[in-house]
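What follows is a set of notes on a single structure, which appears directly below.
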Protein chains: 2
Amino acid sequence: MTELRPGDASLLRKVNTQVTLRALRRAGVATLTQLGRVTGLSRQTVEAVLDELGERGYVREVPPDEGAMGRPARRFGFRADAGYVVGVEVGGDAIVAALADLNGEVIAWERAEVSGDAPAHQRLEAAERTALACVDGAGVARRHVWAVAAGTSGIVDRTGRVSLSITLPGWTGVDLAGLAGRWFGSPALAANDANLAALAEHWRGSAQHASDVVYVLIGHRAGAGILIGGRLHPGRNGAAGEIGTLRQVGWEDAARELVKDASAAEVFEAALGGDREAVRRVDRYAENLAIGASALALAIDPDLLVLGGGYARAGDVLLEPVRRHLAELCVSAPEVVASTFGDEGVAIGAVRLALDHVEREVLGL
Amino acid sequence: MTELRPGDASLLRKVNTQVTLRALRRAGVATLTQLGRVTGLSRQTVEAVLDELGERGYVREVPPDEGAMGRPARRFGFRADAGYVVGVEVGGDAIVAALADLNGEVIAWERAEVSGDAPAHQRLEAAERTALACVDGAGVARRHVWAVAAGTSGIVDRTGRVSLSITLPGWTGVDLAGLAGRWFGSPALAANDANLAALAEHWRGSAQHASDVVYVLIGHRAGAGILIGGRLHPGRNGAAGEIGTLRQVGWEDAARELVKDASAAEVFEAALGGDREAVRRVDRYAENLAIGASALALAIDPDLLVLGGGYARAGDVLLEPVRRHLAELCVSAPEVVASTFGDEGVAIGAVRLALDHVEREVLGL
DNA sequence: CGACATACGTGAATTGGTTACATAAGTGGA
DNA sequence: TCCACTTATGTAACCAATTCACGTATGTCG
């Protein structure tokens with residue numbers, strides 16, 4: 001239930017600040033009159049709001065446009081460089097960090113390899129180093145990082161603690177959000193990697209126009225992330241989408257059978273070339289995948305199913321059989337598309353999560 | 001995305017009207033000062049709001065309290081009888097209609113049997129007759145019915161049309177909401193029965209304190225309804241929760257095996273008495289149920305799983321083995337409870353859905 | 001250089017809300 | 001019966017946010 005609070009006059013200003021800010025960010029740079037028109041507010045109100053935002057450092061005046069008719073209008077722009085957020089993927093064999101401004105423009109990447117057998121403390125140190133290097137390398141002051149989000153495999157509870165990890169040694173029980181908060185002394189969040197990848201697709205990828213999304217992250221292990229109404233649905237324990245653990249679904253050994261003796265890329269390549277055995281194996285893998293995916297699709301009836309992660313790069317060689325099997329299994333199968341992002345999806349989703357936090361807590365609402 | 005509109009002063013009044021109305025409905029009857037205290041608004045504002053609501057017919061002044069200290073305060077109450085809603089279950093072999101006031105108090109029930117083989121038009125006529133009889137019998141004028149909602153088995157799309165029904169003859173394609181709208185000339189909604197039953201449990205049943213709920217309706221056929229954030233999650237095509245159609249899940253023939261030669265009630269009775277064969281059959285049924293339920297639970301990771309419908313009345317004889325199998329299948333199995341409502345759950349959920357519509361559309365927000 | 005277009009600046013009016021304080025209308029005890 | 005006490009009501013002054021109206025400023029174009 002939405003907690004409904006009474007409103008005095010200052011509520012109006014809050015609402016109109018949000019409206020104006022949103023319009024300004026969409027427009028990039030705009031005049032008072034333009035903002036008044038798109039928001040439906042009077043020019044005077046927009047001006048008052050922008051004055052306030054200017055004092056708080058979120059908005060700056062830019063030089064007026066030249067060559068236009070009439071008196072030149074003052075122009076304003078959102079100060080995307082007023083603050084920054086960091087999104088980090090703490091993966092099995094790599095750390096990926098992204099630094100983004102308040103518009104979500106990624107201005108720096110940093111990447112580091114890490115052994116899959118590395119103990120938790122070592123992985124955490126690598127993550128911290130990578131995040132700090134990313135920020136320092138871009139010449140951004142650390143105190144300007146307003147929020148950090150981290151994504152990792154396994155089940156992450158709502159406090160940002162890894163409550164269960166099967167793949168990473170010593171990872172269960174790690175308070176990822178708590179530790180990440182110390183990197184920059186900022187608020188910090190943590191979530192499951194597939195969930196974040198789903199968020200990324202909804203933000204700037206294949207799922208922009210979908211509201212309910214199931215994202216299946218496929219690689220050595222498969223996991224799923226779920227968006228309901230465009231928002232993360234982690235579930236009570238952060239375990240939503242963990243369908244792979246159901247024996248009947250068969251995600252456990254699906255990947256193992258696929259690769260058996262060759263690398264996954266080789267198998268997909270061979271299947272694309274028409275190799276009978278490879279085609280059969282890919283089809284079998286697709287079927288297993290489709291069983292789990294259909295369980296999710298039937299449960300949630302999403303607008304869209306996105307396949308991402310390493311194996312998704314295979315493209316239609318894999319997508320087609322998945323679509324075929326899914327259609328057999330589902331009453332009304334959702335559209336199936338490939339992820340837009342490659343390795344960066346999780347970090348981009350983490351950036352989005354951190355931005356969500358900033359927009360909620362700092363910019364108000 | 002929440003469409004963010006600019007606010008002028010009248011927005012404040014809207015917000016404060018909602019706050020006041022909610023406080024008044026919670027309190028039942030209250031004075032201006034009391035409402036001011038709980039809402040955080042000034043007495044004057046509350047008075048102005050209540051004046052308006054009084055003119056619109058939603059609030060009435062009641063005689064002041066006697067015997068209290070100080071000047072007697074004017075007292076106000078929500079006029080729950082300003083309007084009514086009707087909730088109808090259009091089931092396989094019965095129609096159940098409930099008439100409720102704006103507080104959701106059910107003031108009349110009406111029930112009619114209908115043959116499972118009855119063609120669609122006959123079932124629809126029975127539904128209309130039952131709904132009208134319910135309202136007429138309570139002495140409520142038909143024009144005071146502000147909204148109607150109907151629940152039925154099968155997949156109901158977001159326009160309220162039955163897009164797929166396996167059990168009821170000729171039911172696929174019926175525009176249930178459209179037809180129900182003609183009964184009273186009111187707005188009308190339609191949804192899947194399990195979804196509505198879930199809503200009922202969340203409103204006044206076993207799931208009041210849960211936010212994400214999976215409700216499994218078990219009887220001759222099993223279906224599921226899903227609540228996310230306390231709200232209905234029908235999915236893109238209204239098919240969310242239709243996990244039973246997945247072959248691997250085995251809901252298709254679970255019930256058939258259970259009853260085989262006896263009635264379900266007899267089997268549960270026998271199992272309770274310790275009959276080995278009956279216990280074995282119930283356990284097998286519970287396992288099948290748990291497989292499907294665990295797929296839903298893993299997908300959504302709900303706060304609570306509610307078992308309802310005819311078979312759920314068996315109680316712990318069935319619940320216990322379901323819990324046991326579920327714990328084996330799920331990483332972190334949700335709590336499992338029995339539904340609070342018997343046959344009335346769907347109609348009560350329909351009442352809630354109709355009330356939701358009224359509160360949204362008529363009372364504003 | 002004047003006509004035109006467009007944005008800016010200011011003041012009054014409106015709406016909705018709050019605080020402060022005098023006044024009204026009960027109860028309870030002397 | 002009357003007076004103190006308690007609690008609610010009524011009224012006035014004030015504030016915050018917004019809008020509208022209108023005059024003024026500042027550019028371009030012919």
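Below, read A as the first sequence line, B as the second, and so on, with proteins coming before strands; counting in each chain starts at 1.
Here A:A48 lies out of heavy-atom contact (under 4.0 Å) with every strand. Residue contacts for A:R74: at a heavy-atom cut-off of 4.0 Å it reaches the sugar-phosphate backbone alone, with no base atom in range. As judged by a 4.0 angstrom heavy-atom cut-off over every strand, A:Q44 is placed among the base-contacting residues.
Both B:S10 and B:P72 sit near DNA chain C, but only B:S10 has its closest nucleotide nearer the 5' end. Along DNA chain D, the nucleotide nearest to A:R43 and the one nearest to B:G7 differ in position, and the one closer to the 5' end is contacted by B:G7. Between A:A73 and B:A68, the residue anchored closer to the 5' end of DNA chain C is A:A73, taking for each the nucleotide with the nearest heavy atom. The 5' end of DNA chain D is approached more closely, in terms of each residue's nearest nucleotide, by A:L12 than by the other of A:G67 and A:L12.
One finds a side-chain N or O of A:N16 lying less than 4.0 angstrom from the OP1 or OP2 phosphate oxygen of D:dT18. Side-chain N/O atoms of B:T45 include one lying less than 4.0 angstrom from OP1 or OP2 on C:dT18.
Salt-bridge annotation for B:E66 and B:R75: absent, with no side-chain N of the basic residue lying under 4.0 Å from a carboxylate O of the acidic one. A salt bridge is defined here as a Lys NZ or Arg NE, NH1 or NH2 lying under 4.0 Å from an Asp or Glu carboxylate O, and B:R352 with B:E359 meets this definition. One finds a salt bridge joining B:E105 and B:R204 here, because a Lys/Arg side-chain nitrogen approaches an Asp/Glu carboxylate oxygen to under 4.0 Å.
Rounded to an integer number of Å, the gap from CZ of B:R75 to C1' of D:dT7 is 15 Å. Note: CZ (A:R13) to C1' (C:dG16) measures 15 Å, nearest angstrom. Distance, A:K14 NZ to D:dT18 C1': 18 Å, rounded to whole Å. For the pair B:D8 CG and C:dG17 C1', the computed distance is 14 Å after rounding to whole Å. Going from atom CG of A:D65 over to atom P of D:dT28 covers 11 Å, rounded to whole Å. The nearest whole Å value for the distance from the CG atom in B:D51 to the C1' atom in C:dG16 is 14 Å. The CZ-C1' distance, from B:R5 to D:dT18, rounds to 18 Å in whole Å. Atom C1' of nucleotide C:dA24 and atom CE of B:M69 are separated by 17 Å, given to the nearest angstrom.
When distances run from any side-chain atom of A:R71 to the nucleotides D:dT9, C:dC8, D:dT19, the shortest one goes to C:dC8.
Annotation: side chain of B:T39 is in contact with side chain of B:V46 (closest heavy-atom distance under 4.5 Å). Counting heavy atoms from C-beta on, the side chains of A:K14 and A:Q18 never come closer than 4.5 Å.
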